[in-house]
Amino acid sequence: MILSLLVQGLVQGAEMMLVLVAAPLLTGWVRKVKARLQRRRGASVFQPYRDLRRLLGKEVVLAENASWLFRTAPYMIFSFTWVAASLVPTFATGLIFSWTGDLIAIIALLGAARFLLTLAGMDVGTAFGGIGSSREAMIAALAEPAMLMIIISLAVLAGSSQLSTIAQFMLSPTVGLRVSVALALVAFVIVALAENARIPVDNPATHLELTMVHEAMVLEYSGRHLAMIELASSLKLLLMISAIGCIFVPVGLASSGAGFGGYAIGVATYAVKLAVAGALLGTFESAIAKMRVFRVPNLLGGALMLGLLATLLLFVSRGL
Amino acid sequence: MAVLVLLAIAGLLATGVAGGLRCRAADGRVVVYGASLGISVLLVGVGVAALALPAATLRLPLFLPWIGARFRVDALAGFFLIVVNLGAATASLYGLGYGRHETAPERVLPFYPIFLGGLNLVVVAADAFGFLFAWELMSVASWALVIAHHHDPRNMRAGFLYLVMANLSGLALLLAFGLLAGPAGDYSFAAMAASHAAGGTAALALALALFGAGAKAGLIPLHAWLPEAHPAAPSHVSALMSGVMTKVAIYAFVRIAFDLLGATPWWEAVLVLALGGATAVLGVLYALMQRDLKRLLAYSTVENIGIVFIGLGLALAFRADDDPVGATLALTAALLHVFNHMLFKSLLFMGAGAVQTATGTRDMDQLGGLIHRLRFTSFAVLVGCAAISALPPLNGFVSEWLTFQAILLRPDLPQWGFKVMLPADGALLALAAALAAACFVKAFGITFLGRARSAAAADAVEVDGFMRAAMGGLVALCLLGGILPGVLIDALAPVARTVLGARLPEQLTLPWASIVPVGAARSSYDGLLIFLFVAMATSLTVAAIHRFASHAVRRAPAWDCGFPNPSPVTQYTADSFAQPLRRVFAGSLLGAHEVVTLPPPGDTAPARIEKTLRDPIWEYGYAPVVNGVDRLAGVLNKLQFLTIRRYLSLVFLALIALLLVLALWQ
């Protein structure tokens with residue numbers, strides 16, 4: 001009993017560390033793919049780790065009227081995102097703390113991180129911080145309901161809003177091909193792009209101020225604070241990809257109490273999923289242009305409608 | 001127990017008289033708020049006891065001699081006694097400090113305890129006459145408080161509008177009780193519940209109750225008075241009106257719909273669900289457009305009332321389909337949101353009052369940078385904003401999460417109305433939650449963050465100990481309610497058993513204080529563990545970084561891409577923050593419109609942007625009624641200027657008409 005609890009605790013701890021360690025690598029991988037597609041050699045996939053180490057070693061340059069909120073927000077943002085990321089099944093379902101929160105709680109944790117980030121953007125009182133926060137609020141006001149509609153459609157289908165249970169349901173042969181799942185997948189991908197400030201909604205590599213959303217909010221950050229925020233956004237990207245993997249491609253997920261072999265297979269398939277998703281993301285971003293900021297509501301409104309449609313279909317007939 | 005409550009209410013009314021006598025004395029404030037605080041704390045205890053004990057009834061020879069007055073303290077009344085008096089106790093504590101700055105105490109002190117007495121009396125009354133008497137007492141006392149600062153013509157207008165709507169609400173409830181009492185005319189609640197009206201009578205009574213309670217609670221389209229009246233009152237009274245009085249209106253609806261009425265037709269549940277969803281989204285959209293802090297909070301109350309009505313509509317839907325488990329879950333979610341909203345809305349109104357005390361304004365575009373000056377208030381308001389935005393691990397998330405679980409519970413309800421309305425309400429609830437987060441980022445960010453936009457904001461001083469204590473207590477309750485929601489859900493079990501005859505599974509026996517409303521495989525949430533995880537992750541990270549990485553800090557001017565502008569006017573304002581959302585959502589719904597005037601090249605005149613907003617509900621719903629009444633009054637006005645011959649002939653004609661009626665009647 002105690003031994004099994006210990007093992008389960010270890011697996012949970014390993015998962016938390018795994019997401020933390022893998023997140024910058026995923027970011028580096030996406031950048032590498034984009035660089036290769038632009039016929040550049042690009043930085044090493046390990047460059048984000050070096051960036052983080054460099055940022056952590058630097059002093060923080062704090063704006064003169066920055067308040068305590070500005071100084072504490074990066075750590076809070078990081079830990080909210082980290083807790084959310086460790087609640088998503090990556091290589092195994094049914095981990096010991098997976099019942100702590102369902103998919104709604106995970107999205108709400110990300111919402112808490114965003115709440116703090118938008119406030120931090122307004123704290124110094126610069127025009128850029130304001131523009132970033134206000135646009136982020138607009139994007140979130142559409143992306144969050146779209147996400148919740150996707151969750152509702154999945155939860156109605158699987159009879160549960162727990163990610164582990166949804167993944168197990170998706171593994172079972174009763175799923176088959178469904179219109180609602182396809183609609184939910186499309187909507188989920190759009191929302192994931194918006195949530196992670198990727199092209200076509202926002203550009204993570206931009207240096208043109210008027211197009212920035214996420215970067216405008218964090219403009220005043222430096223040093224270890226910036227490192228925390230960068231790490232948090234890497235974690236969020238990893239979280240979204242893990243969630244898509246665990247819901248729509250749940251192959252290879254180890255169930256609770258699987259032996260060492262099961263976990264090893266789980267980790268290996270998880271790595272493959274991340275690599276494929278990262279390559280797809282890099283290709284997609286290279287192939288498409290960024291949207292004007294007031295076109296974004298059309299895209300996200302489309303995702304919201306797809307989610308609503310998927311839910312409506314399921315309320316009319318569970319077989320769709 | 002009922003005797004105790006009535007004695008306490010008598011004590012409150014006596015305090016009102018004492019307040020009237022001593023309002024000009026230096027200690028009048030201490031007497032009134034101190035006594036109200038003591039009595040409210042006592043009544044919270046009675047409410048807690050009422051949840052555990054069997055119902056207590058009392059009959060007194062008051063009011064109409066042949067009816068008498070009945071009072072009953074059951075679990076439902078007990079829960080609402082807790083809601084009312086917890087809000088009243090913190091508001092009274094706050095009033096001890098806030099009342100010091102009151103310019104006209106003689107217009108506040110006598111009515112404040114009477115208002116509290118009215119609120120409590122509504123909850124314990126057990127016959128129609130007593131209920132309506134208490135309802136009107138509550139309305140009139142709060143009306144007096146709304147026009148306490150009557151020199152401002154806007155407050156007088158708000159008071160008038162409030163009085164009109166309060167009268168309509170009372171009239172609708174009067175008719176609802178009349179229908180319930182039936183031809184026999186027994187006005188006690190016990191008799192009404194025993195007769196269990198059904199069919200057309202029940203449907204009409206429920207619609208009237210929805211109108212009456214909805215007008216008091218601020219259900220769209222009956223909300224127009226709320227954002228005018230709530231901000232006009234002194235801030236602790238605003239907290240009571242928004243946090244508590246709207247909840248008493250919810251009590252009236254729950255009492256009539258779930259206790260007194262039997263089964264109601266399913267389409268009325270669809271109606272409640274539709275109104276709830278529309279109220280939630282429109283309320284928060286209106287809130288997002290405001291720049292007056294207290295008006296923003298008042299509109300946000302409208303939104304939260306919508307969320308509560310979504311829960312109540314779900315409960316009606318499940319009851320119409322004979323699903324007591326689902327109805328219990330939905331009702332518990334709604335009542336939990338009632339409790340949570342009382343906590344954080346009181347907290348936020350108190351924070352707005354603190355800002356007003358410290359700076360003399362509620363206009364967000366005159367504020368900014370208060371986080372440096374009002375350190376405690378800003379922290380308390382931050383917690384309130386996070387709680388009302390439904391962020392874990394605070395309490396607002398739990399009740400919205402439970403409402404979502406209730407929506408997810410039964411996708412197989414047979415009626416087509418629910419198949420459309422349940423997913424639609426899910427989307428509306430999600431949209432309202434996301435917009436609420438944007439709205440409160442704006443409220444906190446513009447008011448407390450950034451740089452001060454006026455001298456008053458730059459020189460603000462933190463408020464006194466009583467006000468901080470009241471806000472601190474509410475902050476603690478918001479956090480506790482979020483990390484130990486099982487306690488509240490279990491406390492609501494007797495309420496659900498009283499009105500629905502079922503209860504949710506016991507939560508407190510579960511490990512790690514987690515909550516599992518239906519079944520472990522369906523969904524679970526653990527606020528305590530989330531709180532511990534976040535706290536641990538944050539402290540570990542901070543410790544590790546300050547141990548192993550740099551901890552040097554240098555203060556420098558803001559970067560702002562190399563061109564920082566020293567003028568605080570260049571910051572985002574309340575209107576500019578809301579601009580993208582206004583453009584996306586309010587264009588069609590609220591008729592938002594922007595006109596940008598750019599001078600031609602070479603002209604040095606400033607560029608201008610003008611925004612206009614319309615309120616379609618006022619324009620199409622209220623304005624025609626107001627104009628119609630005006631026109632009718634204009635026509636009837638001619639009757640005042642007739643000659644004596646015409647008056648005599650009118651009297652004669654009226655007499656003949658009445659005689660004709662009598663003759664034809666038989």
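Just so it is clear, the values below take in all heavy atoms, side chains as well, and ignore hydrogens, waters and symmetry mates. The sequence lines fix the lettering, A, B, ..., with proteins before strands; numbering per chain opens at 1.
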* To do: Check the surroundings of atom CZ in B:R555: do more than 12 heavy atoms from other residues, nucleotides or ligands lie under 6.0 Å from it?
  => yes
* To do: Could you look at A:A66 and say if it's the side chain, the backbone, both or neither that has a heavy atom under 4.5 Å from chain B?
  => both
* To do: Name the region of B:Q579, side chain, backbone, both or neither, that has any atom closer than 4.5 Å to a heavy atom of chain A.
  => side chain
* Check each atom of B:V441 against the heavy atoms of chain A and say whether the ones under 4.5 Å are side chain, backbone, both or neither. => both
* To do: Test A:L299 against every option in A:V201, A:V191, A:I139, A:L304 by the side-chain contact (heavy atoms from CB on, under 4.5 Å) rule and name the one that passes.
  => A:V201
* Asked: So which part of A:L142 gets closer than 4.5 Å to some heavy atom of chain B, the side chain, the backbone, both or neither?
  -> side chain
* Assess the pair B:Y525 and B:F397: is the distance between their ring centroids shorter than 6.0 Å? => yes
* Asked: Quick one: does A:E195's side chain have a donor or acceptor within less than 3.5 Å of a partner on A:A143's backbone?
  -> no
* Asked: Taking every heavy-atom pair that is under 4.5 Å apart, which of A:L55, A:L116, A:L119 has the most such pairs with chain B?
  -> A:L119
* To do: Measure B:I446 against the heavy atoms of chain A and call it side chain, backbone, both or neither at under 4.5 Å.
  => both
* **Contact origin within A:E220 toward chain B - heavy atom pairs under 4.5 Å** => side chain
* Asked: Which region of B:S389, side chain (C-beta onward) or backbone (N, CA, C, O), has a non-hydrogen atom less than 4.5 Å from a non-hydrogen atom of chain A, or is it both or neither?
  -> side chain
* Which portion of B:C439 sits near chain A, non-hydrogen atoms under 4.5 angstrom -> neither
* Asked: B:F585 versus chain A, heavy atoms under 4.5 Å apart: side chain, backbone, both or neither?
  -> side chain
* To do: Heavy atoms only, distances under 4.5 angstrom: which of A:I152, A:V293, A:I151 has the most pairs with chain B? Name it, please.
  => A:I152
* Asked: How about A:F70 and A:Y221: are their ring centroids closer than 6.0 Å?
  -> yes
* Asked: What closest approach, in Å, do B:R582 and B:D575 show between heavy atoms, and which atom pair accounts for it?
  -> NH1-O, 3.3 Å
* Tell me, for B:P557 versus chain A, whether the close heavy atoms (under 4.5 Å) come from the side chain, the backbone, both or neither. => both
* **Between B:S524, B:G368, B:A434, B:A430, the one whose heavy-atom pairs under 4.5 Å with chain A are most numerous** => B:S524
* Asked: Tell me, side chain or backbone of B:S576 under 4.5 Å from chain A's heavy atoms, or both, or neither?
  -> backbone
* Asked: Do B:I515 and B:L510 come close enough that some side-chain heavy atom pair is under 4.5 Å?
  -> no
* Measure up the A:Y75 and A:H225 rings against each other and bin them: parallel (under 30°), tilted (30 to 60°), perpendicular (over 60°). => perpendicular
* Asked: chain A heavy atoms under 4.5 Å from B:I530: which part of the residue, side chain, backbone, both or neither?
  -> both
* chain A contact via B:F577 - side chain, backbone, both or neither, heavy atoms under 4.5 Å -> both
* Asked: Which heavy atom of A:L314 sits nearest a heavy atom of A:L157, and at what distance?
  -> CD2-CD1, 3.6 Å
* **Pair A:S67-A:D123, side-chain donor/acceptor within less than 3.5 Å** => yes
* Let me know if B:S523 has heavy atoms under 4.5 Å from chain A in its side chain, its backbone, both or neither. => both
* To do: Tell me, for B:W401 versus chain A, whether the close heavy atoms (under 4.5 Å) come from the side chain, the backbone, both or neither.
  => side chain
* Asked: Using non-hydrogen atoms only, which part of A:R71 is less than 4.5 Å away from chain B: side chain, backbone, both, or neither?
  -> side chain
